Number of protein chains: 2
Amino acid sequence: MFDWDDIRLFLAVSRTGTVRGAAKQLSLTHATVSRRLHQLEEKLGTTLFDRTSTRHILTEAGQNILETAQEVEAGMARIDRMAFARDSRLAGLVRLSMLDSLYLAIVQPFLGRFQARHPMIEIELITTDYLSNLAQREADIVVRITKTPPDSALGRKLADSPLACYAAEGYLADRPKLDRWIALTHEPARQPILSARTVLTANSLIIARDHIRDGLGIGLLPCFLGDQTEGVTRMPGIDPIPDMEIWALMHPDIKNVPRIRSAMDFLYEIFDEQRVLIEGSAY
Amino acid sequence: MFDWDDIRLFLAVSRTGTVRGAAKQLSLTHATVSRRLHQLEEKLGTTLFDRTSTRHILTEAGQNILETAQEVEAGMARIDRMAFARDSRLAGLVRLSMLDSLYLAIVQPFLGRFQARHPMIEIELITTDYLSNLAQREADIVVRITKTPPDSALGRKLADSPLACYAAEGYLADRPKLDRWIALTHEPARQPILSARTVLTANSLIIARDHIRDGLGIGLLPCFLGDQTEGVTRMPGIDPIPDMEIWALMHPDIKNVPRIRSAMDFLYEIFDEQRVLIEGSAY
DNA sequence: ACATAGCGGTGCAATAATTATCCATGTTTG
DNA sequence: CAAACATGGATAATTATTGCACCGCTATGT
């Protein structure tokens, strides 16, 4: 029988399409991935990928086993979660995935309170741009800004996150025509100012915020960010757009793990306390 | 994430109950199994087994993941079979599991014909006493003497295998009282001679046959074996017992593999040719 | 047309895993 | 009750695996 662990490499290559990409995902070198992939193919007696010059493409045999390999992966992830769920200590690591801007604005100022309450729990902040996979336990808790929380995950709505239109404080006096627009990649074409030309599209809220603050244009920002930023004001006459919601999500399998529950409770608490600020209703 | 291959060790230990037994199954040393098991437990953050002095017993955590681990194992076996199913050569290995006595009596005399027909196909005979697992591909084809073929497997009935009562040729003249009985472990208490005392119970047909031939007692044998044995005759006045059937079985996933199909066809053929002999209807 | 960046494969040195062996302990057996 | 057996763990020698550097190749952009 083949080495079961090689199925993980097979999946990584099938997803990334390249041996080097898979190696990066798995924290290995491409040499190792290449060798073990060949070894797997030899053991199975079948070639799993067509090696084109640019990328690895699944052969028919590879497509055949792909679905089963994914089921196996889900099973392995389940084993991981079930073992994790038995950890009853109020100690250890909690991996929290959320936007860095949201973390900085809402969570970070009160983190000391959490640390005082649970000194043995360590928080790891994950701010990758892609959505961390709860099933694979890439993160324990994901705070996501979304309209449609997935019902496979378990969690609670923390707050609304309306968008408002911001400009640098001196901007309006200098450029009454409002012709320069800073857009968010996440918010395609939600542009209340009719005639403005988009001069920048950023996928980072922080970058967009900084550009707006520096007077390079106007644009939408979540209230929790814009209202907290020095040198930036809301555009008068434009009401906030009720838009996204902020959800804290975790996998059902780990909901009873004490440290996860503590971290969740803490999130509920601090978002509740800062609701007025987040939802921008003070203005 | 833990090494997926370690789940295989976990399953082997949970089945055998000992690290050494698992190591034997997996063709490893007990040191390797022990070390990797500890490594898995450390990665999962849970202890999987209670180490008693005699055997490893699953902890609650171990029981929790056992079922999922078995699903994962089934998936891996499926991947193995699906890859195997793509081998379109009329060459390679066919692993055949059957009783050695049946093989010697029926298959072996005609094996030359198969080899002449398919010179590149190699037959491996597996005569373990436990039933080879088709799903795990411990054997490709299992010939089983049974009353109830499992419907999860695919195959065909090759023949009936009635039992008849045999004695050494001089036996009846010497010992008209028929008081010594040679029994088969597989056939508990199927004893047509009323007053005989069981003097030997053998799990090997060959052993039982040899004892009967050597005049140590009388007993039941499948006709294919007894009728072929020099120096042994059926007891007069006792009709053969229609009893078991001989089935050739394979896993549905590999039914279209050419060399498996060839081997199956060969089995059908030679059992058909020797039906009279196997079913003992010539007497 | 040329340079560049990214790709997968290969040889070699370093590292990690596996084996073989010994040991202590507890259990079964005569 | 002693002795033989089997178990899991620990340690040194061997073996296998990995990472690194380099290679030739292709696609792409200047």
Side-chain angles (χ1 to χ4, degrees), chain A residues 1-63 65-66 69 76 128-130, chain B residues 1-63 65-66 69 76 128-130:
Chain A
M1 175 81 85
F2 54 89
D3 187 325
W4 288 8
D5 208 51
D6 288 348
I7 295 299
R8 192 205 327 244
L9 307 202
F10 164 77
L11 283 167
V13 173
S14 78
R15 279 198 259 268
T16 62
T18 71
V19 169
R20 281 188 129 98
K24 192 176 174 187
Q25 261 194 15
L26 301 163
S27 301
L28 296 169
T29 59
H30 75 281
T32 302
V33 174
S34 174
R35 274 184 300 241
R36 284 178 59 183
L37 199 62
H38 278 109
Q39 169 186 294
L40 176 64
E41 288 180 327
E42 192 181 352
K43 279 274 188 186
L44 290 177
T46 321
T47 166
L48 262 18
F49 292 97
D50 283 328
R51 272 85 169 169
T52 71
S53 59
T54 41
R55 55 198 315 267
H56 276 47
I57 297 173
L58 283 171
T59 60
E60 199 186 321
Q63 289 173 25
I65 73 166
L66 177 61
M76 292 296 188
T128 50
D129 42 351
Y130 76 98
Chain B
M1 175 79 86
F2 55 88
D3 186 326
W4 288 8
D5 208 52
D6 288 348
I7 295 298
R8 192 204 329 240
L9 308 202
F10 164 77
L11 283 167
V13 174
S14 78
R15 278 197 260 269
T16 62
T18 71
V19 170
R20 279 190 128 96
K24 191 177 173 187
Q25 261 194 16
L26 302 163
S27 301
L28 296 169
T29 60
H30 74 279
T32 302
V33 174
S34 175
R35 185 177 33 73
R36 284 178 59 183
L37 200 61
H38 278 109
Q39 169 185 295
L40 176 64
E41 287 180 327
E42 192 181 351
K43 280 274 187 183
L44 289 177
T46 321
T47 164
L48 262 17
F49 292 97
D50 284 329
R51 271 85 167 165
T52 71
S53 57
T54 40
R55 57 199 315 266
H56 276 47
I57 297 174
L58 283 171
T59 61
E60 199 186 320
Q63 288 173 25
I65 73 165
L66 178 60
M76 292 297 187
T128 50
D129 42 352
Y130 76 98

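Labels below follow one simple rule: chain letters A, B, ... track the order of the sequence lines, proteins then strands, and each chain is numbered from 1. Keep in mind the model is a prediction, meaning the values are calculated, not measured.
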Phosphate OP1/OP2 of D:dA27 contacted by A:S53 side-chain N/O (<4.0 Å): yes
Closest non-hydrogen atoms of B:L11 and B:A69, given as atom of the first, atom of the second and distance, are CD1-O, 3.6 Å
If you count the non-hydrogen atoms of other residues, nucleotides and ligands that lie under 6.0 Å from CD in B:Q63, is the total more than 12? yes
Expected output is a numbered-order residue list: members of residues 35-44 of chain B with a heavy atom under 4.0 Å from any atom of DNA chain C. What is it? B:R35, B:R36
Sidechain-backbone polar pair: A:T16 side chain, A:A12 backbone, donor-acceptor under 3.5 Å: yes
Approximate separation, where rounding is to 0.5 Å, of B:L48 CG and B:L37 CG: 6.5 Å
List in numerical order all residues of residues 23-33 of chain A for which some heavy atom is under 4.0 Å away from an atom belonging to DNA chain C. A:H30, A:A31
Could you identify which residues of residues 3-18 of chain B place a heavy atom less than 4.0 Å from some atom of DNA chain D, listed by residue number, or say none? B:T18
Would you mind reading off the bend of the helix from C:dA1-D:dT30 to C:dG30-D:dC1 from its two end axes, five pairs each, to 10 degrees? 30°
On DNA chain C, check which nucleotide each of B:T54 and A:H56 is closest to and give me the residue with the more 5' one. A:H56
Please name all residues satisfying side-chain hydrogen bond (donor to acceptor under 3.5 Å, both in side chains) with A:Q39, sequence neighbours left out, ordered by chain then number. A:D6
Over all heavy atoms of both residues, which pair between B:M76 and A:I7 is shortest? Give the atoms and the distance, please. SD-CG1, 3.8 Å
Return each pair, listed once, that meets side-chain hydrogen bond (donor to acceptor under 3.5 Å, both in side chains) where at least one residue sits in residues 41-51 of chain A; pairs must be two or more places apart or across chains. A:H38-A:R51, A:E41-A:R51, A:R51-A:H56
Rounded to whole Å, how long is the line connecting atom CD1 of B:I57 with atom P of D:dG8? 12 Å
Separation of A:H30 NE2 from A:R35 CZ (nearest 0.5 Å): 8.5 Å
Here the gap from B:L26 atom CG to A:M1 atom CE, rounded to the nearest 0.5 Å, amounts to 10.5 Å
Look up atom CG in A:D3 and atom CZ in B:R8, then write down how far apart they are to the nearest 0.5 Å. 6.5 Å
Under 4.0 Å, counting only non-hydrogen atoms across every strand here, what does A:R51 touch: a base, just sugar-phosphate, or nothing? sugar-phosphate
To the nearest 0.5 Å, what is the distance between OG (B:S14) and CG (B:L66)? 5.0 Å
Could you pull out the closest heavy-atom pair between B:F10 and B:L58, with the gap in Å? CE1-CD2, 3.6 Å
To the nearest 0.5 Å, what is the distance between CZ on A:F49 and CD1 on A:I57? 10.5 Å
Just how far, in rounded Å, is P of C:dA24 from CZ of B:R20? 15 Å
